[in-house]
Amino acid sequence: MKRTLLALACLATLAMGARATAANPIVVLKTSEGTIKIELFEDKAPITVKNFLKYVEDKHYDGTTFHRVIPDFMIQGGGYQKGFNTARTYQDVKAKEKKTREPIKNESTNGLSNKKYTVAMARTSRPDSATAQFFINVKDNDFLDRAKARDGVGYCVFGRVIEGTEVVDKIKNVRTKVLIEDEIENVPVEEVVIESARIEKQ
C-alpha cells in the first residue's frame, strides 16, 4: 500500500512538473532556414521574458536577421533589418538597426546556465544594457554564466530551444564574411532572416 501511495505521489509530482513547463510561454520563430520554437522561463527571468514578449507582440523581430554567427559559439539576432549584410559603412549599419525600448535589468543571478540550445540576452559591456538582441548558444558556454564570467556579471539565460535544434545547427554552419574590416565580423554571406516571431497559443 505504501509503495502504491509513493508511486502515485511521484506520478502526481511529475504531472505537476509537466504542467508547469507546459505553462511557460512559447515563441515560434519562422526563419528562412526553418522554424525554431523557444520555451521561455518566466519564473526564472520575469523581467527578461516580459521584455522579449513585448518585442514579439510589437512584431519587432519580423524581418530582422541573425546577423552574427560563430559556429563554435552562438548565433545572434533580433537587432538589424534585412540588408544588414550589404552595409559598407557605419552609417549603413545604423540605418539597418532597429529602434528599441530602454535597457532592462540583467537577471543573470537566476541560476540558469548558458548550455547548448539555451537562449540568452545579448548586451554591451554594461551589465544592464540588454534591449532586443538575443543569442542561441550552439555549445555549452558556461564561461558566460555569472559564476564564471570575467566581469562577474555574465549573460542572462531566459529560454531554451524545444523544437528546431536542427535549424539552429543549420544556421550556425552558414558561410560568413567580414562586413567592416577589423570591426564587424561573422556576418552571414546569405542572410538568415527571422520572417516572423509569434507567441504560440496553448
Side-chain angles (χ1 to χ4, degrees), residues 27-36 38 47-108 114 118-138 141 143-144 149-151 153-159 167-198:
V27 167
V28 181
L29 299 182
K30 288 188 177 179
T31 82
S32 54
E33 300 297 330
T35 299
I36 301 169
I38 299 170
I47 296 170
T48 309
V49 169
K50 181 180 180 181
N51 175 69
F52 186 74
L53 289 175
K54 179 61 177 168
Y55 280 113
V56 171
E57 289 168 352
D58 290 345
K59 299 183 179 179
H60 171 93
Y61 295 118
D62 295 12
T64 59
T65 67
F66 279 101
H67 63 276
R68 186 176 177 222
V69 172
I70 304 176
D72 58 351
F73 181 29
M74 56 91 229
I75 61 174
Q76 181 175 334
Y80 294 93
Q81 301 173 72
K82 286 188 290 186
F84 170 80
N85 71 337
T86 62
R88 301 289 185 192
T89 66
Y90 279 108
Q91 189 173 12
D92 293 339
V93 169
K94 290 299 289 182
K96 291 298 179 182
E97 188 173 10
K98 295 202 73 172
K99 290 183 179 180
T100 63
R101 298 191 303 277
E102 290 299 306
I104 59 171
K105 177 181 172 57
N106 190 327
E107 295 179 293
S108 61
N114 283 270
T118 57
V119 186
M121 290 305 294
R123 63 173 175 85
T124 67
S125 57
R126 290 188 298 110
D128 300 325
S129 58
T131 52
Q133 289 190 39
F134 63 93
F135 62 90
I136 300 174
N137 290 291
V138 299
N141 291 316
F143 69 93
L144 296 178
R150 285 184 181 180
D151 63 2
V153 180
Y155 293 75
C156 172
V157 171
F158 68 97
V167 177
V168 174
D169 291 342
K170 188 176 178 182
I171 294 171
K172 79 173 183 180
N173 289 319
V174 300
R175 288 192 306 124
T176 60
K177 64 180 180 179
V178 176
L179 197 63
I180 296 177
E181 196 67 38
D182 297 324
E183 293 292 340
I184 301 177
E185 302 177 341
N186 310 117
V187 178
V189 173
E190 298 292 332
E191 284 190 309
V192 180
V193 180
I194 299 173
E195 296 166 349
S196 68
R198 298 290 183 270

Side chain to side chain contact (heavy atoms under 4.5 Å, CB included) against N141, all qualifying residues, sequence neighbours excluded: F73, N114, N137, K139, F143, L144
Test side chain to side chain donor-acceptor pair (under 3.5 Å) applied to N173 - qualifying residues, sequence neighbours left out: none
Shortest non-hydrogen contact between I70 and R68, atoms and distance: CD1-NH2, 3.8 Å
Nearest heavy-atom neighbours spanning V192 and S32: CA-OG, 3.5 Å
Any residue meeting side chain to side chain contact (heavy atoms under 4.5 Å, CB included) with N106, in chain and number order, not counting sequence neighbours: S108, R123, D128, V153, C156
T64: side chain to side chain contact (heavy atoms under 4.5 Å, CB included) partners, not counting sequence neighbours: Y61, K98, I194
All salt bridge (charged side-chain N to carboxylate O under 4.0 Å, His left out) counterparts of E33, not counting sequence neighbours: K170
Under 3.5 Å: donor-acceptor pair, side chain of N51, backbone of T131: yes
Sequence neighbours excluded - salt bridge (Lys or Arg N to Asp or Glu O under 4.0 Å) pairs with any residue from residues 48-60: K54-D58, D58-R101
Set of residues satisfying side chain to side chain donor-acceptor pair (under 3.5 Å) with respect to K94, sequence neighbours excluded: E97
Short side-chain to backbone donor-acceptor contact, E185 and L179, under 3.5 Å: no
Single hit among K96, Q133, E191 for side chain to side chain donor-acceptor pair (under 3.5 Å) with H67: Q133
By side chain to side chain donor-acceptor pair (under 3.5 Å) - contacts of D72 (at least two apart): none
Pairing residues for E102 by the side chain to side chain contact (heavy atoms under 4.5 Å, CB included) criterion, not counting sequence neighbours: none
Heavy-atom closest contact (T48 atom, M121 atom, distance): CG2-CG, 3.3 Å
Closest non-hydrogen atom pair between I180 and V93, with its separation: CD1-CG2, 4.1 Å
Set of side chain to side chain donor-acceptor pair (under 3.5 Å) partners for D62, sequence neighbours left out: R198
